[in-house]
There are 2 protein chains.
Amino acid sequence: MDAHLLHSSQLENNSKRDCSACPIRHNAICSRCQPDELNALDQMKTYRMFEKGEAITHIGENMAYVGSLVSGVAAISKSLEDGRKQILGILLPSDFVGRPGHPVSTYDVVAETPVEMCRFPIASFEKLLNQSPALGPRLLEKTFDELDTAREWMLLLGRKTAREKLATFLHMLAIKMTRLHAMPIVADIQLELPLTRKVLSDYLGLTMETVSRQLSRLSKDGIISIKGQRQITIHDMSALLAETSDERSG
Amino acid sequence: MDAHLLHSSQLENNSKRDCSACPIRHNAICSRCQPDELNALDQMKTYRMFEKGEAITHIGENMAYVGSLVSGVAAISKSLEDGRKQILGILLPSDFVGRPGHPVSTYDVVAETPVEMCRFPIASFEKLLNQSPALGPRLLEKTFDELDTAREWMLLLGRKTAREKLATFLHMLAIKMTRLHAMPIVADIQLELPLTRKVLSDYLGLTMETVSRQLSRLSKDGIISIKGQRQITIHDMSALLAETSDERSG
DNA sequence: CGTGGGTTTGACTCAAGTCAACCGACGTGG
DNA sequence: CCACGTCGGTTGACTTGAGTCAAACCCACG
């Protein structure tokens, strides 16, 4: 804890990582920026680490920063008064956090693994947003993408069975992984589950136990197999797709 | 009702309604436009009526237009292969339809009442979007608002009970109505349900029967009363809020 | 090798879905 | 003017999928 915090503050102090070497350079909010805009962002950026389980922001907080996730995984969530929790989105590297113009956060955002963020003071960012011709359109595009993802999930949460939810999640994860690693879609895709059963259940609107049971059933049915608690192999992508009940799969 | 339809089809033929007299002028995508931009929009706009039940767009369609809803109510939805349907959002006057830059629709959008739209050819609109300093930020703001709404609904769909869902819907509707009509929040708020039980069930991720039962129960519990099938009176807003289980209500 | 967090599995419960009958308002046509 | 059909809504009886509670399990780690 202390060691880690020390590490973060080191990063915070010395780091002026070169944007051109940035791993999320071509996908993040800055991806369309010309050298002059990139330079302006470079001036105002600072890096910050969040450890696993740490809150990046929480409901009602007045955010001083917006920014991009550089590495790690974070979850956006909301809860009911008795603690029932729903994960509203998973943030991956290059995803944007914060809403320019609305500094008060409407969500909890928590690091699910160690997370590194590239942050901009919200006021400075808003100012640049009003001038830059590249920043606004990119943010709009990213926001539309998030809206599409959220609505896809609404269909899952409102209308899919537990088995369909798991199948959809695994299928989506497999597609993301193969795209990311530019792998061919073949038989026996190997996945490393980045989430615990509990987190997964909060993402799918289920309980831990139901997630566990449905994974077992998919395994018994030969569609996937499970090694340990995090290694999943998909044997039959088209069978998995069929289990999602999505329109396009029929 | 008939008068309204007549009025609208007249509009379709002759219409070049003056933007300054437009009922959604101060809320729609154009709300921040200066006279010159407004003029450009005015040049490219056409009005179109959709009758109740008619598709405004459907999944996979290549949209020729984007635009604003001027009057009526429409529903955005997605379905599974066996017909299970989830409503992803309700469109009210001043709401925007379409995604500039992505002409292929990812949703079904259906008129739930007679709907009037103010439409812009998508290519022309995109061009203007790149030049106008007012259009982009407003669209971004509207998209963020929709994202917030969608995520609020994800919590409802994933984690709330049937009773909580109904309470949340009624509470939200009451807030909207009182805001819209600038009414004080007092006891006995009268609502006219704009949706059938079936549509409501597709919005809340329930069946028609469950919606009906929960409304009856809320009525028996004295929180609301139901006159006919569309007139609902809320007797106790704070009791209703308590039934939502939302964080802020506790 | 113990200890503990994450996970699996079983037995039971219950909220919501399914299936079906019925109700009541409305519009149409004999 | 009444009979009829339709459509949306309500209610009841029954079923079921997912939740709850609890015990056992399995590595991973110190």
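The structure displayed is predicted, hence computed values, not measured ones. Numbered from 1 within each chain, the chains take letters A, B, ... in sequence-line order.
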Using whole Å, report how far CD of B:Q231 lies from P of D:dG9. 13 Å

Which pairs of donor and acceptor atoms, one on a side chain in residues 214-223 of chain B, lie under 3.5 Å apart (sequence neighbours left out)?
unit_1 : atom_1 : unit_2 : atom_2 : d
B:S216 : OG     : B:S212 : O      : 3.0
B:D221 : OD2    : B:R163 : NH2    : 2.1

How close or far is atom C1' of C:dG10 from atom CZ of A:R217, stated in whole angstroms? 16 Å

Please tabulate the protein-to-nucleotide N/O contacts below 3.5 Å involving nucleotides 25-30 of chain D, giving atom names and distances.
none

According to a strict under-4.0 Å criterion, is A:R230 in side-chain N/O contact with OP1 or OP2 of C:dG6? no

Please state how far atom CE in B:M208 lies from atom C1' in D:dT11, giving the value in whole angstrom units. 11 Å

Under-4.0 Å side-chain N/O to phosphate OP1/OP2 contact, B:R213 with D:dT11: no

Take the protein atom CG of B:L156 and the nucleotide atom P of C:dA16, then report the distance between them rounded to whole Å. 12 Å

Can you tell me the distance, in whole Å, between the NZ atom of B:K227 and the C1' atom of C:dG24? 17 Å

Going by atom types alone, do B:T143 and B:D145 pair a side-chain donor with an acceptor below 3.5 Å? no

Scan nucleotides 16-18 of chain D against the protein and return all N/O pairs shorter than 3.5 Å with their distances rounded to 0.1 Å.
unit_1 : atom_1 : unit_2 : atom_2 : d
D:dA18 : OP1    : A:A162 : N      : 2.8

Can a donor-acceptor pair be found between the side chains of B:T244 and B:E164 at a distance below 3.5 Å? no

Can we say B:R84 and B:D202 salt-bridge, meaning some charged N sits less than 4.0 Å from an Asp/Glu carboxylate O? no

Are A:S212 and C:dT9 close enough that a side-chain N or O sits under 4.0 Å from OP1 or OP2? no

Side-chain donor/acceptor pairs under 3.5 Å, residues 55-67 of chain B, sequence neighbours excluded:
unit_1 : atom_1 : unit_2 : atom_2 : d
B:T57  : OG1    : B:E61  : OE1    : 2.6
B:E61  : OE1    : B:H58  : N      : 3.3

Check the side chains of A:Q231 and A:Q190 for a donor-acceptor pair under 3.5 angstrom, ignoring hydrogens and angles. no

Nearest-Å distance, NZ (B:K198) to P (D:dT10)? 15 Å

Would you mind reading off the distance between A:E209 atom CD and C:dG6 atom C1', rounded to a whole angstrom? 12 Å

Trace of the salt bridge (Lys or Arg N to Asp or Glu O under 4.0 Å) decision for B:E152 with A:K78: CA-CA 8 Å; B:E152 186 74 42; A:K78 262 192 155 173; 2.5 Å; yes

Atom CG of B:L195 and atom P of D:dG8 are separated, to the nearest Å, by 13 Å

Considering just the side-chain nitrogens and oxygens of A:R197, establish if one lies under 4.0 Å of OP1 or OP2 belonging to C:dG6. no

Pick the closest DNA chain C nucleotide for A:I226 and for A:R159 by heavy atoms, then say which residue is nearer the 5' end. A:I226

Residue list, salt bridge (Lys or Arg N to Asp or Glu O under 4.0 Å) with B:K160, at least two apart or on another chain: B:D246

Provide the full list of side-chain hydrogen bond (donor to acceptor under 3.5 Å, both in side chains) pairs with a residue in residues 104-115 of chain A, sequence neighbours left out, each pair given once. A:Y107-B:D148

